[in-house]
Amino acid sequence: MTDFLRDLNDVQREAVLATEGPVMVLAGAGSGKTRVITYRIAHLIRNVEVPPNNILALTFTNKAAGEMRHRIDGILRHGSSSSLWVGTFHSVFARLLRSYIHLIGYDRNFSIFDADDSKSLVKQCMQELNLSPDSLPVNLVHSMISKAKNGFVLPPEFHRNAGDYQQQKTALVYEKYVQKLRDNNALDFDDLLIKPIELFSGHPALLEQLQDYFRYLLIDEYQDTNRAQYLVAKMLSEKHHNIFVVGDDAQSIYSWRGADISNMLNFQEDYKDAKLFKLVDNYRSTRTILDAANSVIRNNQRQIKKELVANAGIGEPLTLIEAYNERREAEKVGDYIRQLHLSKGYHYRAFAIFYRTNAQSRVLEDVMRQNRIPYKIFGSVSFYKRKEIKDAVAYLRLVLNDRDGESLLRVINFPPRKIGDVSISKLKEFAEAGGMSLYDAIRRADEGGFQSRLVHALKEFSTLVETLKEKAAAGTAYDVLSLLYDMTSLLSLLQAENTPEALARCENLKELLSMARDFSDHNPLNSSLADFLSTISLASDYDESQDSDNYVSLMTIHAAKGLEFPVVFVTGMEEKLFPLNAYEPAELEEERRLFYVAITRAREKLFLSWAQSRYQFGQPQMCLRSTFINEIDPDIVCTEGGRRLSESPTKVSAKAMAGRPVFGSGPPPVPARPMPVQRPGQPSSSAATPQQKSSLRAGMKVHHAIFGPGVVIEVQGSGSKQKVKIGFRTAGEKTLMVQYANLKIV
DNA sequence: CGTTGATCAATTTTT
DNA sequence: TTGATCAACG
């Protein structure tokens with residue numbers, strides 16, 4: 001009966017069996033965290049005989065939720081996970097809110113605004129409040145509001161606590177923003193966590209009903225919960241106290257998004273009589289890799305002390321790759337991959353290349369392509385963020401919820417139907433004056449005193465939407481979408497453009513259509529437009545499981561959490577890149593946890609690489625090796641030559657050179673090793689131009705690739721920001737940035 | 001009303 | 001370097 005529990009080690013089993021009361025499992029990297037949580041659920045169902053629908057398991061990604069379901073089905077008989085509540089915080093609460101949100105004055109067909117939508121709403125609020133984005137950047141306001149929401153700080157409290165100018169103004173925007181969301185009958189991502197709290201506080205009977213229903217609450221990646229999530233979990237578990245959380249404080253890497261590691265550190269105070277289990281037996285990595293991880297994380301103050309214990313052999317030392325610049329770095333990584341692939345038989349899928357920032361992926365990608373190494377970049381532009389997809393989805397949202405002004409504005413002139421900014425502002429005024437939503441204003445366009453051409457265009461638009469609404473009432477998402485494509489001739493318009501981009505967009509739209517069809521097929525009971533929209537609003541590309549294709553994986557370290565690879569390259573190990581500008585000790589600690597995550601992804605081999613110089617914002621910058629390298633025991637790190645770091649003669653101590661541009665106005669510093677020979681046919685980098693730059697003088701005759709011949713009138717500034725005003729024979733006067741102008745002196 | 005060119009800014013981003 | 005945004009044109 002309890003056969004499956006034999007797969008667990010002692011601590012894991014105890015954690016699984018402690019089914020009653022609060023439990024926290026501190027699960028180090030690779031210690032079988034998912035295993036514990038899935039086995040516990042299986043145990044609850046099989047042995048404790050808890051009905052599956054009384055179990056709620058919350059994760060952070062859809063992928064993790066899917067994985068969990070899959071593994072539970074593997075332990076129990078297939079399909080037994082179907083009535084379990086397993087999902088992300090966001091998707092589970094979105095689903096609950098569809099049933100109960102009318103209690104707090106929303107319509108059940110609320111739209112879910114993604115980050116772009118909410119940003120544009122913030123922008124709109126700021127415009128209405130006459131706040132210039134120069135003194136108060138939209139992004140800052142948006143992130144302050146989001147942080148406030150994640151911390152469950154509502155507008156009144158935010159207003160009270162607002163200190164400086166920015167906070168005070170943000171408080172005003174925040175109030176307006178909340179009001180506008182309501183007018184749009186929309187929730188942003190953060191609302192999906194906050195609204196349940198508001199709902200439960202105002203409706204204790206409902207809360208109690210749910211407390212009894214979700215008798216067993218399990219939360220994965222607890223170190224990443226923010227205050228709102230903490231509160232909602234606390235509310236749900238208040239009655240029965242069966243809250244089970246799993247996490248690793250050392251892998252908390254989302255504090256900048258409001259994740260609060262205190263939730264984990266204070267668990268035992270928050271939940272009286274909480275049991276604590278520590279999983280430190282690692283089943284993933286070699287001892288050397290774990291030694292490296294342990295020695296790095298030891299430098300953090302704020303943590304629960306634990307050291308991972310290896311079960312695998314000692315393994316090989318880490319390899320430190322030092323390269324002249326980021327291009328060489330990428331080439332070296334490519335060389336190692338090819339060599340390990342050819343001589344040691346590693347599949348391409350065994351390799352992962354990590355980087356701190358997305359910008360670093362470009363060179364790596366170039367080099368992989370040149371070397372014919374199959375690769376895949378994770379987390380580039382999401383499918384759902386593509387313009388054409390957002391446009392099509394906006395139609396669907398509007399059909400479901402015609403108060404959704406964001407969506408309306410997206411599609412009112414898509415495909416183009418001659419309704420421009422001017423018409424839209426007139427329409428807005430009309431709506432404002434009549435206290436209507438924009439869509440109502442459109443429906444009553446003939447009363448607005450608009451030009452008849454505009455009235456006609458608006459009527460046509462509302463007829464389209466109304467027809468789609470009728471379809472939505474009876475049909476599936478697929479039906480609505482295909483009718484939309486038909487009525488707007490979307491696909492043929494794109495095909496007519498006949499550019500590669502237009503055809504790609506066309507393909508994407510077809511893909512969306514087939515997704516809608518799949519969705520209806522797989523969820524015959526919940527295939528309404530609302531269900532489809534919820535699912536895709538809360539989906540991301542990170543959910544894509546790695547299929548069996550054989551490629552090298554390129555991703556940011558954030559995206560790598562939860563994954564593992566036999567061979568890992570951590571690139572860009574440089575000061576100010578990794579750790580990325582850490583102004584406060586807490587930030588440095590988070591960067592260190594990120595490094596810890598990177599290290600612990602590796603099973604067998606770990607390479608760390610850095611470049612002495614790297615282009616940043618188009619400028620080559622001198623780089624210093626990351627201090628994180630020094631935190632690893634030098635006995636377990638080798639240079640490419642095979643020497644232990646501990647035996648290496650020189651330690652770079654070039655603090656004085658920090659941040660200095662490689663090619664400034666003065667003579668270029670001598671590189672530590674000879675410059676690589678410029679390959680023929682390769683575009684020369686800016687290294688070739690400094691002499692020209694500094695030698696430009698007024699009166700010189702120059703030649704420009706586009707504007708042709710001209711004479712220098714004036715030289716402004718120096719160095720990288722140098723500009724030059726040139727009178728061209730044919731093109732007239734122009735002021736150009738010297739570094740990009742590519743001028744030839746005649 | 002839609003296109004072009006200048007200007008400016010630039011982490012990480014589970015949902 | 002890229003990309004996003006906005007003013008000035010056609």
Side-chain angles (χ1 to χ4, degrees), chain A residues 58-65 87-94 112-116 118-119 123 133-134 137-139 142-143 146 150 187-193 220-221 223-226 228-229 251-259 326 354-360 362-363 378-379 381-382 384-385 413 416-424 453-454 457 534-543 555-562 572 576-583 587 590-591 593-594 597 614-621 683 685-686 706 720-721 723 734-737 739-740:
Chain A
L58 297 170
T59 64
F60 279 83
T61 63
N62 293 301
K63 187 167 144 195
T88 62
F89 276 90
H90 297 264
S91 68
V92 166
F93 290 125
I112 297 173
F113 278 10
D114 69 14
D116 290 338
S118 34
K119 216 174 270 179
K123 202 165 157 190
D134 298 329
V138 177
N139 281 333
H142 180 248
S143 81
S146 178
N150 286 160
L187 302 189
D188 64 15
F189 283 153
D190 305 322
D191 283 334
L192 294 174
L193 307 174
D220 192 16
E221 307 276 18
Q223 77 281 354
D224 289 332
T225 48
N226 58 38
Q229 287 161 325
Q251 293 186 66
S252 164
I253 55 177
Y254 284 99
S255 72
W256 48 274
R257 272 193 103 265
E326 78 270 35
F354 298 156
Y355 34 83
R356 177 66 241 263
T357 66
N358 277 314
Q360 293 164 250
R362 172 165 286 128
V363 204
F378 286 79
V381 185
S382 159
Y384 304 100
K385 285 204 174 132
N413 203 26
R417 48 175 77 84
K418 307 261 180 209
I419 303 176
D421 289 345
V422 185
S423 311
I424 290 172
R453 208 191 64 221
L454 177 58
S534 275
T535 305
I536 65 174
S537 307
L538 299 176
S540 80
D541 280 4
Y542 287 96
D543 301 333
M555 62 185 84
T556 63
I557 301 164
H558 283 90
K561 196 172 76 163
K576 307 223 158 134
L577 182 60
F578 195 21
L580 190 72
N581 307 313
Y583 302 109
E587 291 176 324
E590 175 134 328
E591 294 289 317
R593 292 193 293 267
L594 196 54
V597 168
R614 178 180 299 273
Y615 273 81
Q616 243 167 17
F617 310 140
Q619 292 297 109
Q621 291 285 131
S685 67
S686 74
I706 293 159
S720 65
K721 285 182 187 142
K723 289 182 194 166
K734 304 262 178 207
T735 303
L736 308 165
M737 295 284 284
Q739 62 169 321
Y740 302 128

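Labels below follow one simple rule: chain letters A, B, ... track the order of the sequence lines, proteins then strands, and each chain is numbered from 1.
The closest side-chain heavy-atom distance from A/Ser534 to A/Ile112 is below 4.5 Å. Between A/Lys576 and A/Gln621 there is no side-chain heavy-atom pair separated by less than 4.5 Å. Put simply, the side chain of A/Phe89 reaches to within 4.5 Å of the side chain of A/Thr225, judged on heavy atoms.
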Distances under 3.5 Å between protein N/O atoms and the N/O atoms of nucleotides 1-5 of chain B, please, pair by pair.
unit_1: B/dC1; atom_1: OP1; unit_2: A/Val422; atom_2: N; d: 3.4
unit_1: B/dC1; atom_1: OP2; unit_2: A/Ser423; atom_2: OG; d: 2.8

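Rounding to whole angstrom units, NE2 of residue A/His558 and C1' of B/dT12 are separated by 4 Å. If you take NZ of A/Lys119 and C1' of C/dT5, they are 14 Å apart, rounded to a whole angstrom. Look at CG on A/Asp188: it is 16 Å from P on B/dT14, rounded to the nearest Å. Remark: P of B/dT13 and CG of A/Asp224 are 13 Å apart, rounded to the nearest angstrom. Summarising the geometry, the separation between CD1 on A/Ile536 and P on B/dT15 is reported as 14 Å, rounded to the nearest angstrom. Rounded to an integer number of Å, the gap from A/Gln223 CD to B/dT14 P is 16 Å. Regarding A/Leu580, its CG atom lies at a distance of 8 Å from the P atom of B/dT12, rounded to whole Å. The interatomic distance linking A/Gln616 (CD) with B/dT11 (P) rounds to 10 Å, in whole Å.
Of all nucleotides listed (C/dT2, B/dT14, B/dT12), C/dT2 comes nearest to the side chain of A/Arg362. Nearest nucleotide to the A/Phe189 side chain, out of B/dT15, B/dT12, B/dA10: B/dT15.
What you find for A/Ala94 and A/Leu538 is that their closest heavy atoms are CB-CD1, 4.1 Å. Nearest heavy-atom pair, A/Ala228 versus A/Leu193, reported as atom, atom and distance to 0.1 Å: CB-CB, 4.1 Å.
For B/dT11, the OP1/OP2 oxygens have no side-chain nitrogen or oxygen of A/Asn358 closer than 4.0 Å. Contact check, A/Thr556 against B/dT13: a side-chain N or O comes under 4.0 Å of OP1 or OP2.
In this structure, A/Phe617 forms no aromatic stack with the base of B/dA9, since the conditions of centre separation below 5.5 Å and plane angle below 30° are not both met. Using a 5.5 Å limit on the distance between ring centres and a 30° limit on the angle between planes, the aromatic ring of A/Phe60 does not count as stacked on the six-membered base ring of B/dT15.
Side-chain N or O atoms of A/Asp224 include none that pairs as donor or acceptor with a backbone N or O of A/Ala259 at under 3.5 Å.
If you find the closest nucleotide of DNA chain B to A/Thr88 and to A/Glu590, the one lying nearer the 5' end belongs to A/Glu590.
The residue A/Arg356 sits close to a base: some heavy atom pair falls under 4.0 Å. A/Tyr254 comes within contact range of at least one nucleobase, with a heavy-atom separation under 4.0 Å.
Against the 90° criterion about 0, the sugar-base torsion of B/dT11 places it in the syn range.
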Stepwise side-chain contact (heavy atoms from CB on, under 4.5 Å) test for A/Phe93 and A/Thr88: CA-CA 8 Å; A/Phe93 290 125; A/Thr88 62; over 6 Å; no
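Between A/Trp256 and A/His558, the two ring planes are perpendicular [angle over 60°; tilted spans 30° to 60°].
Here the separation of B/dT13 from C/dA4, taken at their P atoms, is 16 Å to the nearest Å.
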